[in-house]
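Below is one structure, written out as structure tokens, with a few remarks after it.
Whatever order the structure lists ligands and atoms in, that order sets their numbers, starting from 1. FYI, side chains are in, hydrogens and waters are out, and symmetry mates aren't considered; it's all heavy atoms of this structure. This structure is a prediction, so every number in the text was calculated from the model and none was measured.
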Amino acid sequence: MSASDAAAMPLILAVPSKGRLQENASAFFGRAGLKLAQGAGARDYRGKLLGVPDVEVRYLSASEIAAQLASGAAHLGVTGEDLIRETLPDVRGQVELLTPLGFGNATVVVAVPQAWIDVRDMSDLDEVAAGMRTRHGRRLRVATKYVNLTRRFFAEKGVADYRIVESLGATEGAPAAGSAEIVVDITTTGATLSANALKVLDDGIILRSEANLVASLKAPWGEGQRAALRTVLGRIAAEERARTTREVRAALPESGTIDLATIAGLHEAELPYGAPRGPEGEIVLRCREAAVFELAGALVEAGARAVTVRRVDYAFAAENPLAERLLARL
Ligand SMILES: Nc1ncnc2c1ncn2[C@@H]1O[C@H](COP(=O)(O)OP(=O)(O)OP(=O)(O)O)[C@@H](O)[C@H]1O
Ligand SMILES: O=P(O)(O)OC[C@H]1O[C@H](OP(=O)(O)OP(=O)(O)O)[C@H](O)[C@@H]1O
Ligand SMILES: [Mg+2]
């Protein structure tokens with residue numbers, strides 16, 4: 001491929017096409033002013049970002065997204081951290097987890113039958129497994145689709161006498177069906193585990209996962225794709241900054257001055273438009289939502305004639321921390 005071909009290639013953004021991550025993911029992009037436009041219908045697995053050329057959206061399953069970020073077939077994607085850690089042999093070398101998204105929360109756990117009342121933790125499980133091996137010549141069977149996470153975790157806990165039965169769905173049913181003794185699976189409310197008379201071991205939490213925005217280090221990052229990256233991540237950061245902060249405007253006193261630097265420092269506020277030019281006038285600060293009342297109080301105390309606080313939709317800034325962090329690694 002020539003350099004000019006590479007420059008014309010779009011940034012590939014992989015978005016969940018189904019399951020519980022789908023709706024949340026498109027709502028997340030929508031809030032950031034990135035409207036996903038799917039092709040002809042729900043079965044068209046390609047689309048665009050309205051108003052952002054040079055981006056191609058691909059709708060894939062959450063596990064396929066992890067695989068495509070690993071191989072470099074996609075530049076950016078939304079998927080569960082569980083799938084990233086399960087699918088990628090070298091997470092740090094293959095991808096950058098840019099930011100957790102606050103949805104798709106689930107925990108990968110080791111669960112055993114509730115009837116095993118003496119088995120409370122991994123060391124109890126180790127005894128059961130060793131006993132099965134010596135007394136019955138059989139190995140404890142673990143049903144899971146998280147084969148790699150299971151192997152790593154069991155090795156860390158020193159449990160070796162087991163074998164994995166790969167499960168592609170309804171994993172929690174495996175013990176009752178007789179195809180495995182225990183399971184490693186994901187849980188959110190715990191309803192599925194209870195319904196199948198399973199319990200989580202006390203130290204059986206393998207990973208707490210949520211959906212993440214993930215970038216591939218293996219994808220071809222030409223100039224066009226880097227520019228598209230800055231646009232996309234700039235909007236995401238602008239929405240996040242806006243959502244987590246408040247804009248505080250203060251009318252400065254007619255006489256005397258306010259020591260804004262000290263007040264801003266105390267309340268971890270910024271002056272996004274700089275310091276006031278004269279003694280009188282209006283000043284704009286930005287602070288964390290939780291600090292709003294203290295900051296407003298301090299400004300009034302210091303002589304401000306009026307203070308207003310508001311939410312903003314987007315807060316853009318010259319710095320693009322998400323993009324810079326990734327670009328520094330490419
Ligand atoms: N209660 C939950 N159960 C399963 N996954 C969840 C849950 N909550 C969040 N997730 C996240 O969503 C990801 C995809 O799961 P989901 O069930 O939505 O997809 P799916 O399309 O059904 O995939 P699969 O068919 O492989 O289960 C999970 O790997 C996990 O990161
Ligand atoms: O702790 P809970 O809130 O009960 O959720 C956990 C269940 O949800 C998921 O299954 P899903 O509904 O995605 O079906 P699947 O196995 O076909 O993917 C997961 O595999 C568990 O079975
Ligand atoms: Mg599922």
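The pair Arg152-Glu156 does not count as a salt bridge, with every side-chain nitrogen at least 4.0 angstrom from each carboxylate oxygen. Taking a cutoff of 4.0 Å between a charged side-chain nitrogen and a carboxylate oxygen, Glu166 and Lys145 do not qualify as a salt bridge. Look at Arg235 and Glu239 and you find no salt bridge, because none of the NZ, NE, NH1 or NH2 atoms lies under 4.0 Å from a carboxylate O.
Scanning Lys145, Lys18, Arg20 for the heavy atom closest to atom 8 (O) of ligand 2 points to Arg20. Of the candidates Thr188, Thr187, Ile84, it is Thr188 that places a heavy atom closest to atom 1 (N) of ligand 1.
At a heavy-atom cutoff of 4.0 Å, ligand 2 is contacted by the side chain of Asp185 but not by its backbone.
Listed by atom number, the atoms of ligand 1 under 4.0 Å from Gly80 heavy atoms are 31 (O). Less than 4.0 angstrom separates some heavy atom of Ile186 from each of these atoms of ligand 2: 6 (C), 19 (C), 20 (O), 21 (C). Here is the list of ligand 2 atoms found below 4.0 Å of a heavy atom in Thr192: 2 (P), 4 (O), 5 (O), 6 (C), 7 (C), 22 (O). Under a 4.0 Å criterion applied to the non-hydrogen atoms of Asn105, ligand 1 contributes the atoms 8 (N), 9 (C). In summary, the atoms of ligand 1 found under 4.0 Å from a heavy atom of Gly19, numbered by their order in the structure, are 18 (O). Near Glu172, the atoms of ligand 2 lying under 4.0 angstrom from a non-hydrogen atom of the residue are 21 (C), 22 (O). Those atoms of ligand 1 with a heavy atom of Asp82 less than 4.0 angstrom away are 28 (C), 29 (O), 30 (C), 31 (O). Ligand-side atoms of ligand 1 in range of Lys145: 24 (P), 26 (O), 27 (O), range being under 4.0 angstrom from any heavy atom. Within the listing of ligand 2, atoms 1 (O), 4 (O) sit less than 4.0 angstrom from a heavy atom of Ala191. Residue contact check: Leu83 has heavy atoms under 4.0 Å from atoms 29 (O) of ligand 1. Of all the atoms in ligand 1, the ones that sit under 4.0 Å from a non-hydrogen atom of Ala106 are 7 (C), 8 (N), 9 (C).
Heavy atoms of Ser61 stay at 4.0 angstrom or farther from ligand 1. Not close to ligand 1: Gln22, with no non-hydrogen atom less than 4.0 angstrom away.
Contact between Pro16 and Ala25 at its shortest, heavy atoms only, is CD-CB, 3.9 Å. Among all heavy-atom pairs drawn from Glu319 and Arg241, the shortest one is O-NH2, 3.8 Å. Closest approach of Leu13 and Gly77 over heavy atoms only: CD1-N, 4.5 Å.
Looking at ligand 2, you won't find any N or O of Leu193 less than 3.5 Å from one of its N or O atoms. Checked against a 3.5 angstrom limit, the closest N/O atoms of Ser63 and ligand 1 fall outside it.
Within a 6.0 Å radius of CZ in Arg325, other residues, nucleotides and ligands contribute more than 12 heavy atoms. When the shell of 6.0 Å around CD of Glu23 is examined, it contains 12 or fewer heavy atoms from other residues, nucleotides or ligands.
Judged purely by distance below 3.5 Å, without hydrogens or angles, the side chains of Tyr146 and Asp185 never pair a donor atom with an acceptor atom.
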Please step through salt bridge (charged side-chain N to carboxylate O under 4.0 Å, His left out) for the pair Glu56 and Lys48, ending with a clear verdict.
-> CA-CA 5 Å; Glu56 179 181 316; Lys48 293 188 174 308; over 6 Å; no

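The closest donor-acceptor contact from the side chain of Asp121 to the backbone of Ser123 lies under 3.5 Å.
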